[in-house]
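A short worksheet on the structure shown next.
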Amino acid sequence: MPAQITTNSLVATAPHAGPTAHASFGTFVWRWLVLSIRHIAKRRKIARDAALLRDYPDFMLRDIGLDRSAIEQACQTGKPASSN
């Protein structure tokens, strides 16, 4: 069988070369930092959206199907709380 020639690096495509394969401490810290920044950005967006919705008049909230008490959950999940 003839050998296949590829332009991909064998190290990058090896089965053991995943994101957790022997990660150094610096890599771990870098990933933690990135995930922390993403988490903070998500929380700030939720707070901003909730503040915007709190300022909406009642008729606009009724049009989109929200109660004032369900604003926080709607901002976090993207949908209003289910009423059982």
Does the side chain of Met60 reach to within under 4.5 Å of the side chain of Pro57, using non-hydrogen atoms?
-> yes
Does the pair Arg62/Asp67 count as a salt bridge with the N-to-O cut at 4.0 Å?
-> no
By side chain to side chain contact (heavy atoms under 4.5 Å, CB included) - contacts of Arg38 (at least two apart) = Val34, Leu35
Which distance, rounded to the nearest 0.5 Å, do you find between the CZ of Arg54 and the CG of Asp49?
-> 10.5 Å
Could you give the distance from CD1 (Ile37) to CH2 (Trp32), rounded to the nearest 0.5 Å?
-> 9.0 Å
Rounded to the nearest 0.5 Å, the SG atom of Cys75 sits from the CZ atom of Arg48 at a distance of 10.0 Å
Are Leu33 and Ile40 in one and the same hydrophobic cluster, where Ile, Leu, Val, Met, Phe, Trp and Tyr link if side-chain heavy atoms are under 4.5 Å apart?
-> no
CH2 of Trp30 to CZ of Phe25: how many Å apart, nearest 0.5 Å?
-> 14.5 Å
Closest non-hydrogen atoms of Leu61 and Leu53, given as atom of the first, atom of the second and distance, are CD2-O, 3.9 Å
Between Ala74 and Leu66, which heavy-atom pair has the shortest distance, and what is it?
-> CB-CD2, 3.5 Å
Distance in Å, Leu52 CG paired with Ile71 CD1, rounded so as to fall on 0.5 Å steps | 9.5 Å
